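See below for the structure under consideration.
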Amino acid sequence: MSKVLVTGGAGFLGSHLCDRLLADGHTVICIDNLQTGSEKNISHLAGRKDFTFIKHDVIEPIDLEVDRIFNLACPASPPHYQADPVRTAKTSVFGAINMLELAKKNNARILQASTSEVYGNPLVHPQPENYLGNVNPDGIRSCYDEGKRMAETLFFDYHRQYGVDIRVIRIFNTYGPRMNPEDGRVVSNFIVQALKGEDITIYGDGNQTRSFCYVDDLIEGMMRMMNCEGFTGPVNLGNPGEFTMLELAEQVLELTGSHSKLVFMPLPGDDPAKRKPVIDLAKEKLGWEPKTALKEGLKKTIAYFEKII
Ligand code: NAD
Ligand code: UDP
């Protein structure tokens with residue numbers, strides 16, 4: 001069993017990953033600066049001998065003894081990563097350097113949580129890993145998109161230059177319990193709005209598409225990638241089911257029984273028009289594909305939000 005570091009471990013995905021690692025018998029160190037995450041997400045783990053939480057910002061180096069590192073620290077929701085874009089870029093880039101240095105020192109395997117945003121507003125649809133993307137370097141999403149692209153570059157350079165044992169996954173929109181209700185991403189926004197009877201905020205005309213993956217499926221893919229031998233990635237992890245935001249809103253209204261009205265608001269800058277992963281590589285190398293249909297995942301997520309709001 002390994003000593004595993006999870007950066008961003010108090011966040012939505014990170015806290016599910018900590019649970020999974022502990023269930024598999026590993027010892028977990030979670031570091032997080034609580035910028036968008038919450039100690040509530042890991043409060044059920046407090047007091048366990050095999051779990052340690054350290055409040056720390058990955059922009060600063062840290063010295064720990066670990067066998068494996070999952071690097072998830074980074075705000076993921078557009079309103080949050082755009083609130084302090086310079087800090088977002090530093091988190092991605094300095095965070096990657098600090099964690100790669102730690103991996104190098106410990107001879108540890110390290111996995112980077114990259115993103116479908118590396119494809120920008122894609123001109124190829126659906127997106128395979130060898131598509132190099134269509135990314136604006138100067139827009140409001142660039143701190144995140146380019147930060148994540150630079151982090152991937154650093155991972156591959158540490159691999160080529162120093163032999164660091166890397167894994168890179170490109171995560172497509174993932175949702176589920178423990179999303180922050182104030183997070184601002186579309187699934188949590190629509191569910192919270194529907195449950196509160198507030199207007200459902202559609203940005204643009206609602207015909208843009210996303211492919212939504214349920215958190216349990218994503219964590220399974222992430223674990224398989226970390227445990228896979230001889231394959232660095234990058235590999236897409238996501239659910240190829242593609243929906244418009246109008247279709248998502250309809251499903252949320254149906255499943256919640258809400259009478260909320262749709263309101264249309266301006267589309268934020270550089271918002272990708274469509275997004276859908278090609279997951280052939282994940283199928284071939286990891287034997288992985290998502291199992292949870294959108295409706296089923298939404299039901300579980302709605303049940304969570306019903307309890308907390
Ligand atoms: P999240 O905001 O819930 O989690 C991010 C966590 O990182 C939070 O707990 C936050 O406090 C922490 N963090 C942020 N900056 C930090 C810093 N400088 N130092 C230490 N901790 C810091 O978001 P999430 O959805 O759980 O995303 C986790 C990771 O997965 C992110 O790297 C994100 O870019 C990536 N990702 C997520 C999705 C998705 O759909 N959920 C898609 C693509 C990529
Ligand atoms: N979106 C929306 N209403 C909201 C929040 C988001 O219509 O209240 C749209 C957003 O413009 C984007 C899509 O939903 O087209 C997904 O947004 P999210 O922030 O969840 O993820 P990302 O754009 O990073 O994929």
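Here the structure is a predicted model, which is why all the values come from computation and not from measurement. Order of listing sets the numbers, starting from 1, for every ligand and every atom in it.
- Within the 4.0 Å heavy-atom criterion, the part of Met245 lying near ligand 2 is the side chain and not the backbone.
- Protein heavy atom in closest approach to atom 15 (O) of ligand 2: Asp271 OD1, 2.5 Å.
- Considering backbone and side-chain N/O atoms, Leu72 comes within less than 3.5 Å of an N/O atom of ligand 1.
- The proximity of Asn189 to ligand 2, defined as any non-hydrogen pair under 4.0 Å, is limited to the side chain.
- Not counting sequence neighbours, the partners of Tyr162 by the ring-ring contact (aromatic ring centres under 6.0 Å, His included) test are Tyr158.
- In this structure, CZ in Arg167 is found 10.5 Å from CZ in Phe70, a value given to the nearest 0.5 Å.
- With respect to atom 5 (C) of ligand 1, the closest heavy atom belonging to the protein is Cys74 O, 3.2 Å.
- Between Ser114 and ligand 1, a contact under 3.5 Å exists for no N or O pair.
- The minimum heavy-atom distance linking Val28 with Cys18 is given by the pair CG1-SG, 3.9 Å.
- Residue Pro78 places a heavy atom under 4.0 Å from ligand 2.
- For Gln35, a nitrogen or oxygen atom sits less than 3.5 Å from a nitrogen or oxygen atom of ligand 1, counting backbone and side chain alike.
- The shortest separation from a heavy atom of Arg185 to ligand 1 is under 4.0 Å, placing the residue in contact.
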Please set out all donor-acceptor pairs under 3.5 angstrom arising from side-chain atoms of residues 233-241, sequence neighbours excluded.
{"unit_1": "Asn236", "atom_1": "OD1", "unit_2": "Tyr119", "atom_2": "OH", "d": "2.8"}
{"unit_1": "Asn236", "atom_1": "ND2", "unit_2": "Gln127", "atom_2": "O", "d": "2.9"}
{"unit_1": "Asn236", "atom_1": "ND2", "unit_2": "Val278", "atom_2": "O", "d": "3.1"}
{"unit_1": "Asn239", "atom_1": "OD1", "unit_2": "Gly241", "atom_2": "N", "d": "3.0"}
{"unit_1": "Asn239", "atom_1": "ND2", "unit_2": "Thr292", "atom_2": "O", "d": "3.3"}

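- Not one N or O of Gln193 is nearer than 3.5 Å to an N or O of ligand 2, by distance alone.
- Side-chain contact between Leu17 and Leu21: present, with at least one pair of heavy atoms (C-beta onward) separated by less than 4.5 Å.
- Contact check for Lys90 versus Asp84: no side-chain heavy atoms found under the 4.5 Å cut-off.
- By the 4.0 Å heavy-atom criterion, Thr7 is excluded from the residues contacting ligand 1.
- Pairing each heavy atom of Ser188 with each of Asp183, the nearest pair is OG-CB, 4.0 Å.
- For ligand 2, the atoms lying closer than 4.0 Å to a non-hydrogen atom of Arg275 are 22 (P), 25 (O).
- The residue from Glu146, Glu117, Gln82 that alone fulfils the side chain to side chain donor-acceptor pair (under 3.5 Å) condition with Arg141 is Glu117.
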> When you look at Thr201 and Phe264, which way does the side-chain contact (heavy atoms from CB on, under 4.5 Å) test go after all the steps?
Replying inline: CA-CA 6 Å; Thr201 52; Phe264 291 84; over 6 Å; no

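- At under 3.5 Å, not a single nitrogen or oxygen of Ala73, backbone or side chain, sits near a nitrogen or oxygen of ligand 1.
- Nearest to atom 21 (O) of ligand 2 among the protein's heavy atoms is Asn173 ND2, 3.4 Å.
- Ranking protein heavy atoms by distance to atom 9 (C) of ligand 2, first place goes to Gln208 NE2, 3.8 Å.
- Residue Tyr175 does not touch ligand 1, judged by heavy-atom distances below 4.0 Å.
- Nearest protein neighbour of atom 20 (O) of ligand 2, counting heavy atoms only, is Val186 N, 2.8 Å.
- For the side chain to side chain donor-acceptor pair (under 3.5 Å) with His125, the qualifying choice from Lys276, Glu242, Lys274 is Glu242, the only one to do so.
- If you check which protein heavy atom lies closest to atom 22 (P) of ligand 2, you get Arg141 NH2, 3.3 Å.
- Taking any N or O of Gly37, backbone or side chain, at least one lies under 3.5 Å from an N or O belonging to ligand 1.
- The backbone and the side chain of Asp57 each have at least one atom closer than 4.0 Å to an atom of ligand 1 (non-hydrogen atoms only).
- Side-chain contact, Asp270 with Asn136: a donor N or O sits under 3.5 Å from an acceptor N or O.
- Ligand 1 has no N or O atom lying under 3.5 Å from any N or O atom of Pro75, backbone or side chain.
- Taking only nitrogen or oxygen atoms, main chain and side chain alike, Asn173 does not reach within less than 3.5 Å of ligand 1.
- Looking from atom 3 (O) of ligand 1 to the surrounding protein, the closest heavy atom is Phe12 N, 2.9 Å.
- Taking any N or O of Ile202, backbone or side chain, none lies under 3.5 Å from an N or O belonging to ligand 2.
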> So Trp288 and Glu220, side-chain contact (heavy atoms from CB on, under 4.5 Å) or not? Walk me through it.
Replying inline: CA-CA 8 Å; Trp288 177 87; Glu220 177 63 31; 4.1 Å; yes

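- Checking only distances, Gly11 does come within under 3.5 Å of ligand 1, N or O to N or O.
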>> Please evaluate residues Lys295 and Leu255 with respect to the criterion side-chain contact (heavy atoms from CB on, under 4.5 Å), reporting the C-alpha separation (whole Å), side-chain torsions for both, the decisive distance (0.1 Å), and the verdict.
In response: CA-CA 8 Å; Lys295 200 168 195 171; Leu255 293 170; 3.9 Å; yes

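- For atom 7 (O) of ligand 2, the nearest protein heavy atom (residue, atom name, distance) is Tyr203 N, 2.9 Å.
- Ligand 1 has no atom lying under 4.0 Å from any heavy atom of His80.
- Near Arg185, with a cut-off below 4.0 Å to any heavy atom, the atoms of ligand 2 are 19 (O), 20 (O).
- Nearest protein neighbour of atom 3 (N) of ligand 2, counting heavy atoms only, is Thr201 O, 2.6 Å.
- Contacts between Met265 and ligand 2 below 4.0 angstrom, taking non-hydrogen atoms only, are absent altogether.
- Side-chain contact, Asn41 with His16: no donor N or O sits under 3.5 Å from an acceptor N or O.
- At a heavy-atom distance under 4.0 Å, no atom of Met179 approaches ligand 1.
- Protein heavy atom at the shortest distance from atom 10 (C) of ligand 1 is Thr36 OG1, 3.2 Å.
- At a heavy-atom distance under 4.0 Å, no atom of Ser77 approaches ligand 1.
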> Can you list the steps and then say if Lys285 with Arg224 is a side-chain contact (heavy atoms from CB on, under 4.5 Å)?
Replying inline: CA-CA 9 Å; Lys285 297 283 188 184; Arg224 287 189 189 209; over 6 Å; no

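- For the pair Asn33 and ligand 1, the shortest N or O to N or O distance falls below 3.5 Å.
- In the vicinity of Glu117, heavy-atom distances shorter than 4.0 Å reach the ligand 2 atoms 24 (O).
- When non-hydrogen atoms are compared, ligand 2 lies under 4.0 Å from neither the backbone nor the side chain of Val187.
- Contact annotation: Gly95 has no heavy atom less than 4.0 Å from any atom of ligand 1.
- At a heavy-atom cutoff of 4.0 Å, ligand 1 is contacted by no atom of Asn41, backbone or side chain.
- When only interatomic distances are considered, the shortest N/O to N/O separation between Tyr81 and ligand 2 does not fall below 3.5 Å.
- Contact annotation for Glu117 and ligand 1: no heavy atom of the residue comes within less than 4.0 Å of the ligand.
- Between Thr91 and ligand 1, at least one pair of N/O atoms sits closer than 3.5 Å.
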